[in-house]
Novice: 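Right, I'll just put the structure down here and ask away after.
All values below were derived from every heavy atom in this structure, side-chain atoms included, with hydrogens, water molecules and symmetry-related copies excluded. Given the structure is predicted, the values throughout are model-derived calculations rather than measurements.
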Amino acid sequence: MSAPPRQAVRTYLQMHSPSDLQAADAPSPTVTVERLENCPPAVWRRLYTEVGREYHWVDRLAWTDEEISAYLADPALELWVLKEAGELAGYFELRTEADGAIEIAYFGLLPHAIGRGLGKYLLTRAVQRAWERGATRVWLHTSSLDHSSALPNYLARGFSIWKQTTYEV
């Protein structure tokens, strides 16, 4: 007998102006955020898998190295990584849309980095970079399956909710 379907809530958030950002500083001088160009598929796969493991990130688990490489080669996409003392701690992906909006398409911390204020800073840098790229609007979505600090962090940084949907997991 299979388990009954589980419902989750997807929340869409947006920011319309750089002045909406409630920035958070780096929690320590050993924390950096840098763009990762020519990312090897194994590094991207590690980030996606480890960050999303507890939160039902399954859509891209079966991607081949070729699919990952093609995805990362898209000029509309930027991949940025968070490092603490030189070690990977998290990442975000920015995707520019045709209308000039920029989506924070993926965002998260590796398990060892959770609970230390790194997410506040990483989100700050993601939003700042989106505005630097000329965004007309910055948006993202989160799920009730994500970490319990995700939605509060987005709201604390200045995002506002514009839509919610319920879906089957």
Novice: Can you confirm whether more than 12 heavy atoms, excluding those of N38, are under 6.0 Å from its CG atom?
Specialist: no

Novice: Compute whether any side-chain donor of one residue and acceptor of the other, for Q164 and T11, lie under 3.5 angstrom apart.
Specialist: yes

Novice: Taking the six-membered ring of Y167 (Phe, Tyr or Trp), confirm whether the NZ or CZ of R10 is under 6.0 Å from its centre and within 45° of its axis.
Specialist: yes

Novice: I'd like to know if D20 pairs up with R157 as an ion pair, taking the criterion as any Lys NZ or Arg NE/NH1/NH2 lying under 4.0 Å from an Asp or Glu carboxylate oxygen.
Specialist: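 The answer is no: the pair does not qualify as a salt bridge.
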
Novice: How about E93 and Y71: does a side-chain donor come under 3.5 Å of a side-chain acceptor?
Specialist: yes

Novice: Give a yes or no on whether a salt bridge exists between R53 and E50, defined as a side-chain N under 4.0 angstrom from a carboxylate O.
Specialist: no

Novice: Is the gap between the ring centers of Y91 and W44 under 6.0 Å?
Specialist: no

Novice: Taking only Lys NZ, Arg NE, NH1 and NH2, and the carboxylate oxygens of Asp or Glu, determine whether E78 and R95 approach each other closer than 4.0 Å.
Specialist: no

Novice: Is the Lys NZ or Arg CZ of R116 less than 6.0 Å from the centre of Y121's six-membered ring, within 45° of the axis?
Specialist: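 The answer is no; the distance or angle limit is not met.
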
Novice: Report yes or no: is the cationic atom of R137 (NZ for Lys, CZ for Arg) closer than 6.0 Å to the six-membered ring centre of W162, at no more than 45° off its axis?
Specialist: yes

Novice: Looking at the rings of Y106 and F92, which for Trp means the six-membered one, are their centres under 6.0 Å apart?
Specialist: no

Novice: When you check the side-chain N and O atoms of S149 and N153, is any donor under 3.5 Å from an acceptor?
Specialist: no

